[in-house]
There are 2 protein chains.
Amino acid sequence: MARTKEFNEDQALDKAIEIFWHKGYNGTSAQDLVNHLGLSRSSLYDTFGDKQKLFVKSLKRYQKQNLDSLNELFENAENIKTALTEIFKQAVIESLQDRITKGCFMVNSAVELAMHDPEIAKIVHDNQKVVEDVFCNAVRKGQKLGQISEKQDARSLARFIFNNYSGIRVLARAGEKDKQVYDDILKAIFSLF
Amino acid sequence: MARTKEFNEDQALDKAIEIFWHKGYNGTSAQDLVNHLGLSRSSLYDTFGDKQKLFVKSLKRYQKQNLDSLNELFENAENIKTALTEIFKQAVIESLQDRITKGCFMVNSAVELAMHDPEIAKIVHDNQKVVEDVFCNAVRKGQKLGQISEKQDARSLARFIFNNYSGIRVLARAGEKDKQVYDDILKAIFSLF
DNA sequence: AAAAATACGGAACAATCGTTCCTGAATTAG
DNA sequence: CTAATTCAGGAACGATTGTTCCGTATTTTT
């Protein structure tokens, strides 16, 4: 039979996520992928098909990773409102820590590709719905526990949270490094709960 | 002396805005520009230098157009809160009306290019500051007139508004066509004022 | 009318794009 | 050992990229 794969496909995908996230789809060349993944051209194409397929696989993997950690966070949280603030605070920390910030891979891909690639559009839209649901369930739970005000409809609040999360990721991608800007936004957001 | 230009430079720039807005910088080829602007390759390069310079000019023009209309709106508004809701409602209408939606040229450019092109980064950042200032002054005025609650700091509220506007434009670019999603977000936003 | 200047269309450029293919070495299972 | 399979490396593909250049037409000033 054949020899076994010498590289781990998931590790390679993580590398692909990194560079696509950083440079975008159109900004990443095949040579960039070869250099960054550490695979030969042939292995790369044999394993993943072509650039678009590799991108789709990367984005799906990213989506799953993020969703899993989001679900885990809410499951282990005893206070929902605190958990929500943690999510945003973490985003702010990430936005400030590096000289450059990549923002959110999903948001970046939505802006760059959703209009022109139906497959990407579906991934983005599905992600939006499922993340919105996670937020919505969390908010409902928080409201039942008396941790979140019931003045706002849970679905509405979930969509609102999602929207502000997107906005902050764009701000980060745009290179905003003033902590006060983020803090002001967060202050306004959480005055609603 | 020489003959006069047969095309209007500003009209050509408006055409450039259209296609860059639609396809992004990396997604727009020189051939796309020739086709869409209706100029020859030579005229295009003679007039605007190169692709990057044309993009910068387009983005700056877009920024000025948007800022002017924003200022005009607030100047003519007797009620600031109403004016703010109008801005968001207009964004929602635009998001829903066409089969495809381009979102915001500035947001798209920020996501695609700010990390990799310092000149674009500066335009994006300058725009953010000046738009934030416009919002801030408007909010202050609205608070003085008793049209906007004074519970929130004007600067904080301005940044919050900007953030949600970005988020909505990303949502539109991602192809969201469910009016209820936008309405839910708007409901949450304006419950703060 | 002559001269200067610019617009135009299109050919042509080198470079890079994504992708395919070939070769030989490596590794595994039977 | 043999056969099968996958690896890495790199040459090579045609297509497209952004850009330059040239010849000609056109318009304006002297």
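The sequence lines fix the lettering, A, B, ..., with proteins before strands; numbering per chain opens at 1.
Among the nucleotides D:dA12, D:dG18, C:dC8, the one closest to the side chain of B:Ala30 is D:dG18. For B:Ser29, taking side-chain heavy atoms from C-beta onward, the closest of the listed nucleotides D:dA8, D:dG18, C:dC8 is D:dG18. Of the listed nucleotides (D:dA8, C:dC8, D:dG18), D:dG18 has the atom at the smallest distance from the side chain of B:Arg41.
What separates CZ of B:Phe48 from C1' of C:dA7 is a distance of 14 Å, to the nearest Å. As a whole-Å value, the separation of B:Leu39 CG from C:dA7 P is 10 Å. Protein atom CG of A:Asp46 is 14 Å distant from nucleotide atom P of D:dT5, rounded to whole Å. Spacing between atom CG of A:Asn35 and atom P of D:dA8 amounts to 14 Å, rounded to whole angstrom units. Across the protein-nucleic acid pair, A:Gln31 atom CD and D:dG10 atom P stand 11 Å apart, rounded to whole Å. If you measure from atom CG of A:Leu37 to atom P of C:dG18, you get 13 Å, rounded to the nearest angstrom. D:dT6 atom P lies 20 Å from atom OH of A:Tyr45, rounded to whole Å. In this structure, CG of A:Leu44 is placed 16 Å from P of C:dC21, rounded to the nearest angstrom.
Between B:His22 and B:His36, the distance from one ring center to the other does not fall under 6.0 angstrom.
Atom NZ of B:Lys144 has 12 or fewer neighbouring heavy atoms from other residues, nucleotides or ligands inside a 6.0 Å radius.
B:Phe190 does not carry B:Lys81 over the face of its six-membered ring by the limits of under 6.0 Å from the centre and within 45° of the normal.
In this structure the side chain of A:Gln152 reaches within 4.5 angstrom of the side chain of B:Ser191, judged on heavy atoms.
Using a 4.0 Å heavy-atom cutoff across all strands shown, A:Asp50 reaches sugar-phosphate atoms only and no base atom.
Residue whose closest nucleotide on DNA chain C sits further toward the 5' end, between A:Asn26 and A:Ser42: A:Asn26.
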